[in-house]
Protein chains: 2
Amino acid sequence: MALSKAVAENTEVGRAGILDAAALLFGRHGYGAVSLRMIAEAAGIKAGSIYYHFASKDAIIAEILDVGIRAVHDEVRDRITALRADASARDVFRAVLRGHLYALLEHGDYTSANVRIFGQVPPAVRNANLPVRRAYEGFLDDLLSDLQASGAISSDVNLPRFRLLLIGALNATLEWFDPQKGGAEALADDYADIILNGVLAKTGDKT
Amino acid sequence: MALSKAVAENTEVGRAGILDAAALLFGRHGYGAVSLRMIAEAAGIKAGSIYYHFASKDAIIAEILDVGIRAVHDEVRDRITALRADASARDVFRAVLRGHLYALLEHGDYTSANVRIFGQVPPAVRNANLPVRRAYEGFLDDLLSDLQASGAISSDVNLPRFRLLLIGALNATLEWFDPQKGGAEALADDYADIILNGVLAKTGDKT
DNA sequence: GTCTATATCTGGATAGAC
DNA sequence: GTCTATCCAGATATAGAC
């Protein structure tokens, strides 16, 4: 019996337990479909007790949204930082996609909850999450901008638009990804190849 | 006063009016946030009257989801059919993206409602929409398969995965598209260029 | 085909005991 | 810090008049 009481009962205590339970439920069922009573049950407490830790349902959502974005941002930043100084553009690009998809698909209910419910929450909650979103988007824009300045990414590419295409394609994987049919990092490399090279057959190719 | 009563009052009558109002509201605010009272008010009737036309809220949703997919499917199919026999692979690909984005972004609350709320509706409603979805996916897969068989799309590309990337990127445009900053078809062509050519600078390029 | 009125349920949130 | 009990608003859905 080396398991902690929390793990053994599949619940966690207090604030953190409520947040974890809520993130899981929101990501699975959507904002409107999850009640405070459901969250309380999953956390192993009663609904009324939630209000000792949070002022409202929206306060819970708001925190989950912020944590979710920071988790991807941190994961991608760490992987970029860990690259060697002579890393190629393909290496950098792969690190971004691997970090983003790993955080989204295999590590963290908060990130997937963010992607799924951001469009469903009240406008005030959405607005509160915007600064954290903008920070991540700015980080990606800077990265892509460097790649274009160095000549790796074609100067024809409209970067803001390309970033939207990229993030849209990555986040959409959440709807169909099945970890039993291959990991997030293999998927990231496939996506990186398609987006870097394009799908058109090269006329001089004879592989 | 050549305007019909329905147009003048910004409402439509009966079944079609309820569906139109519901599609608009669901697409804007999400499944859980839209009540029958809101739909009724937008349609110019009272909530109870809805039950003369529909058995339940879910029956309304189910019909909207199906119509939404058929609208994209029809739009894309018509554009492909209208192509000349000697159309290039780029022409075909552009027609797909233009049709999909036009139906999604500029023509039809049903399609955008589908993309936005599909993940929020009860499982039974989702399942009911699957055959129509599968038909559109199959249509796209056949099209891409032809392009690959003819040598236009590289044989390295995993088609089912590429289709998921493509649809994911296209549907995500709904979250940020602003018709005042350029139309859906210009956006489609930009996306087509990025995906066909890739973003990597060609080493022999000197445009 | 639409109305009014209402039954029934479930949601978020609060108060006070322990 | 969690409980029980409850208030109140809003939801879907129904019944019957017109």
Side-chain angles (χ1 to χ4, degrees), chain A residues 4-6 8-26 28-65 113 117 120-126 128, chain B residues 4-6 8-26 28-65 113 117 120-126 128:
Chain A
S4 73
K5 185 184 170 211
E9 293 182 358
N10 200 23
T11 61
E12 296 176 43
V13 280
R15 222 186 119 83
I18 294 169
L19 275 180
D20 285 356
L24 182 69
L25 289 171
F26 281 129
R28 279 198 190 160
H29 305 111
Y31 173 75
V34 175
S35 67
L36 292 178
R37 288 172 172 82
M38 288 171 64
I39 296 173
E41 190 184 8
I45 58 176
K46 300 293 177 180
S49 308
I50 291 181
Y51 287 86
Y52 176 80
H53 300 281
F54 297 93
S56 67
K57 182 180 180 180
D58 286 351
I60 301 177
I61 301 277
E63 187 155 337
I64 288 173
L65 291 182
I117 70 179
Q120 310 174 22
V121 300
V125 179
R126 247 202 310 275
Chain B
S4 73
K5 184 181 171 218
E9 293 182 359
N10 200 23
T11 61
E12 294 176 46
V13 280
R15 224 187 118 82
I18 295 169
L19 275 179
D20 284 357
L24 181 69
L25 290 171
F26 281 130
R28 280 198 191 161
H29 306 110
Y31 174 76
V34 175
S35 67
L36 293 179
R37 295 196 220 298
M38 290 169 64
I39 296 172
E41 190 184 8
I45 58 175
K46 299 293 177 182
S49 308
I50 290 180
Y51 287 87
Y52 176 80
H53 300 281
F54 297 93
S56 68
K57 182 181 181 180
D58 286 350
I60 301 177
I61 301 275
E63 187 156 338
I64 289 172
L65 291 183
I117 70 178
Q120 311 174 21
V121 300
V125 180
R126 247 204 307 275

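So you know, we letter chains A, B, ... as the sequences are listed, proteins then strands, and number each from 1.
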Quiz prompt | Nucleotide C:dG12, atom P - distance to CD1 of A:Ile39 in whole Å | solution = 7 Å

Self-check item: Approximate separation, where rounding is to 0.5 Å, of B:Ile117 CD1 and B:Arg126 CZ
Solution: 11.0 Å

Quiz prompt | Those residues that, when tested against B:Arg28, pass salt bridge (charged side-chain N to carboxylate O under 4.0 Å, His left out) (two or more places apart) | solution = none

Self-check item: A:Ile60 CD1 to C:dG12 C1', straight-line distance once rounded to whole Å
Solution: 11 Å

Quiz item: When rounded to the nearest 0.5 angstrom, what is the spacing between CZ in A:Phe54 and CD1 in A:Ile39?
Solution: 9.0 Å

Quiz item: How does protein reach along nucleotides 12-18 of chain D, written 5' to 3' as B (base within reach of a heavy atom under 4.0 Å), S (only sugar-phosphate), or - (no contact)?
Solution: BBB----

Quiz item: For B:Ile50 and C:dG1, what is the distance between atoms CD1 and P respectively, to the nearest whole Å?
Solution: 15 Å

Quiz prompt | Rounded distance (Å) that lies between atom C1' of D:dG10 and atom CD of B:Glu41 | solution = 15 Å

Quiz prompt | Proximity to the side chain of B:Ile45 - top-ranked nucleotide from D:dT2, C:dC3, D:dC3 | solution = C:dC3

Quiz item: Does any non-hydrogen side-chain atom of A:Ile60 lie less than 4.5 Å from one of A:Ile50?
Solution: yes

Exercise. Compare every heavy atom of A:Ala43 with every heavy atom of A:Gly17, then report the nearest pair and how far apart it is.
Key: O-CB, 4.0 Å

Self-check item: Nearest-angstrom distance from the residue atom CZ of A:Phe54 to C1' of D:dT2
Solution: 15 Å

Self-check item: Contacts of A:Arg37 that satisfy salt bridge (charged side-chain N to carboxylate O under 4.0 Å, His left out) - sequence neighbours left out
Solution: none

